[in-house]
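Below is one structure, written out as structure tokens; comments come after it.
Note that the structure is predicted; figures quoted are calculated from it, not measured.
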Amino acid sequence: MDKHNTKLELSVVYIVKNGGALFDTSLASVFRWVDDIVLVDNGSTDNTLAIARNYQVRVFREPAHHEGKLREQALAAVRYPWILVLDHDEVVTPELQAEIQSILASTPSPAAYRIPFRNHLFGYALHHGGEQYYKLVLFHKDAIELINTSVHARYKATGKARTKKLHSFIDHYSYQNLWQVITKFTDYGMRLARERYEKNEPLSLKKLVMYPLHMFWARYIKDKGYRDGLLRIVLDGAFAYMEWLSYIGLLYYQTVHGPYRRHNRHV
């Protein structure tokens, strides 16, 4: 692949397990205009590493299933203080590329930027029920701190850092097919169960029964997910399933291992 000579001193970081064709698409959306791409591979068994080599990505391997620790490792590996964080199924639009280039061309002081995301379900863009939102994924290292949790770790602006919003989208192809959705939310549910167990969260019948139902109602009815069509029942049902599974998993941990103690960390 030919590279352009002028690239931003910006590091793009990925944490990926079995990214597949979408990872190729995501890399193609940044490769020609950034100077450093870092991949922390979380045990891929598909062609993820071969795809990374095509784009001259710097690869680090880490088998741990703790999102916060993986993101910590990725941040430690970057070459530049300005960082864009992407998942394998997130694609930078040309409009967003131009917006980022304009920002960094002005050599700004440390800041953090929230970027709008546009989620897709089975290839269709979603517009309601919490599926368009902003995430803090572009920042200077001195402007953020990592909220280090095992599921959905995130970045938070430090007290003095400026936080701004960009206008252009990242297209997020998070929900690709039914099997992938079930697998994704099963993994999330079990990791949330572990997190709740380690926090010694109390369990109740209300949480087992009502919380999943409320999750579906809040997304599909209250937040008007139904406006995206009947397919939203699949997605919002998956969120309810994740919530239910997290409490079934919590019940399992509490029944088999008892209250969480430090000496239980090996379970």
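In this structure the side chain of R118 never reaches within 4.5 angstrom of the side chain of I170, judged on heavy atoms. Counting heavy atoms from C-beta on, the side chains of V92 and W33 come closer than 4.5 Å. V30 is listed as a side-chain neighbour of Y14, based on a closest heavy-atom distance under 4.5 Å. Residues R71 and L146 are in side-chain contact: their nearest non-hydrogen atoms beyond the backbone lie under 4.5 Å apart. No side-chain heavy atom of H127 sits under 4.5 Å from any side-chain heavy atom of R227. Counting only heavy atoms from C-beta outward, the side chains of P212 and H214 never approach each other to under 4.5 Å.
Summarising the geometry, atom CD1 belonging to I37 is positioned 9.5 Å from atom OG belonging to S11; distances are rounded to the nearest 0.5 Å. Separation of atoms CG (L136) and NZ (K164) is listed at 13.0 Å; rounding is to 0.5 Å. F239 CZ to M215 CE: the interatomic distance, rounded to the nearest 0.5 Å, is 7.0 Å. Rounded to the nearest 0.5 Å, atoms CZ (R79) and CG (D35) are 7.5 Å apart. Atom OG in S29 sits 6.5 Å away from atom CG in L86 (nearest 0.5 Å). Distance CZ/F169 to CG/N119: 10.5 Å, rounded to 0.5 Å.
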**OP:** Step by step, work out the side-chain contact (heavy atoms from CB on, under 4.5 Å) result for I144 and T158.
**Re:** CA-CA 5 Å; I144 60 98; T158 56; 5.5 Å; no
Original post:
L27 and N54: side-chain contact (heavy atoms from CB on, under 4.5 Å), yes or no, with the steps?
Top reply: CA-CA 10 Å; L27 285 169; N54 288 338; over 6 Å; no
**OP:** Test Y55 against D24 for side chain to side chain donor-acceptor pair (under 3.5 Å), laying out the working first.
**Re:** CA-CA 9 Å; Y55 293 93; D24 192 298; 2.8 Å; yes
**OP:** Please lay out, stage by stage, how V85 and K135 fare under the test side-chain contact (heavy atoms from CB on, under 4.5 Å).
**Re:** CA-CA 10 Å; V85 179; K135 284 174 63 178; over 6 Å; no
Subject >> Residues V59, L49; criterion side-chain contact (heavy atoms from CB on, under 4.5 Å); working and verdict >> reply: CA-CA 8 Å; V59 177; L49 297 179; 3.7 Å; yes
**OP:** Could you please spell out the steps behind the side chain to side chain donor-acceptor pair (under 3.5 Å) verdict for E99 and S168?
**Re:** CA-CA 7 Å; E99 198 169 356; S168 305; 2.9 Å; yes
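A side-chain N or O of H172 and one of D89 form a donor-acceptor pair less than 3.5 Å apart. Side-chain contact check for E201 and Y247: at least one donor-acceptor pair (N or O, by modelled atom type) lies under 3.5 Å. Between the side chains of S26 and E90, no donor-acceptor pair of N or O atoms lies under 3.5 Å.
Judged purely by atom type and a 3.5 angstrom limit, S106 uses its side chain to pair as donor or acceptor with the backbone of I103. Using modelled atom types, one side-chain atom of D46 and one backbone atom of G20 make a donor-acceptor pair closer than 3.5 Å. Remark: the backbone N or O of A64 is paired with a side-chain donor or acceptor of N42 at under 3.5 angstrom. Side chain of T186 to backbone of I182: a donor-acceptor contact under 3.5 angstrom is found. Counting only distance, with no hydrogens or angles, the side chain of N177 and the backbone of Q180 share a donor-acceptor pair below 3.5 Å. Judged by distance alone, the side chain of S102 and the main-chain N or O of A98 form no donor-acceptor pair under 3.5 Å. Without hydrogens or angle criteria, K7 side chain to F31 main chain gives a donor-acceptor distance under 3.5 Å. No donor-acceptor pair under 3.5 Å is formed between the side chain of S246 and the backbone N or O of G189.
Linking Ile, Leu, Val, Met, Phe, Trp and Tyr residues whenever their side-chain heavy atoms come within less than 4.5 Å leaves V13 and L22 in two separate clusters. Cluster membership check: L84 shares its hydrophobic cluster with L75, using side-chain heavy-atom separations under 4.5 Å among Ile, Leu, Val, Met, Phe, Trp and Tyr. Residues L245 and L178 fall within the same hydrophobic cluster, defined by Ile, Leu, Val, Met, Phe, Trp and Tyr side chains chained together at heavy-atom separations under 4.5 Å. F117 and F139 end up in the same hydrophobic cluster when Ile, Leu, Val, Met, Phe, Trp and Tyr side chains are linked at under 4.5 Å. Cluster annotation: L121 and W179 are assigned to distinct hydrophobic clusters (Ile/Leu/Val/Met/Phe/Trp/Tyr, side-chain heavy-atom contacts under 4.5 Å, transitive).
Heavy atoms only, all atoms of each residue included: L166 and Y113 are closest at CD2-CD2, 3.5 Å. Of all heavy-atom pairs between L203 and Q254, the closest is CB-OE1, 3.7 Å. V38 and V57 make their closest contact through C-CG1, 4.1 Å (heavy atoms, listed as atom of the first residue, atom of the second, distance). Closest approach of H167 to P116, counting heavy atoms only: O-CG, 3.8 Å. Summarising the geometry of V16 relative to G19, their closest heavy-atom pair is CG1-N, 3.5 Å, with the distance given to 0.1 Å. K207 and Y211 make their closest contact through O-CB, 3.3 Å (heavy atoms, listed as atom of the first residue, atom of the second, distance).
A 6.0 Å sphere centred on CZ of R154 holds no more than 12 heavy atoms belonging to other residues, nucleotides or ligands. At most 12 heavy atoms of other shown residues, nucleotides or ligands fall within 6.0 angstrom of atom CZ in R61. More than 12 heavy atoms of other residues, nucleotides or ligands lie within 6.0 Å of OH in Y134, so this atom counts as buried by the packing criterion. No more than 12 heavy-atom neighbours from other residues, nucleotides or ligands sit within 6.0 angstrom of NZ on K222.
Y253 has its ring centre no less than 6.0 Å from the ring centre of Y260.
Using a 4.0 Å cut-off between charged nitrogen and carboxylate oxygen, R58 and D36 count as a salt-bridge pair. Using a 4.0 Å cut-off between charged side-chain N and carboxylate O, E195 and R191 make no salt bridge. Salt bridge annotation for E131-R219: present, with a cationic side-chain nitrogen under 4.0 angstrom from a carboxylate oxygen. Salt-bridge annotation for R232 and D228: present, with a side-chain N of the basic residue lying under 4.0 Å from a carboxylate O of the acidic one.
Ring planes of Y252 and H257: perpendicular class, angle over 60° (limits at 30 and 60°). Ring orientation note: the planes of Y220 and F216 are close to parallel, at an angle under 30° on the 30°/60° scale. Using bins of under 30°, 30° to 60° and over 60° for the plane-to-plane angle, the ring pair Y175/F185 lands in the parallel bin.
When the ring pair (Phe, Tyr, Trp, His ring centres under 6.0 Å) test is applied to H120, the partners found at least two apart in sequence or on another chain are Y173.
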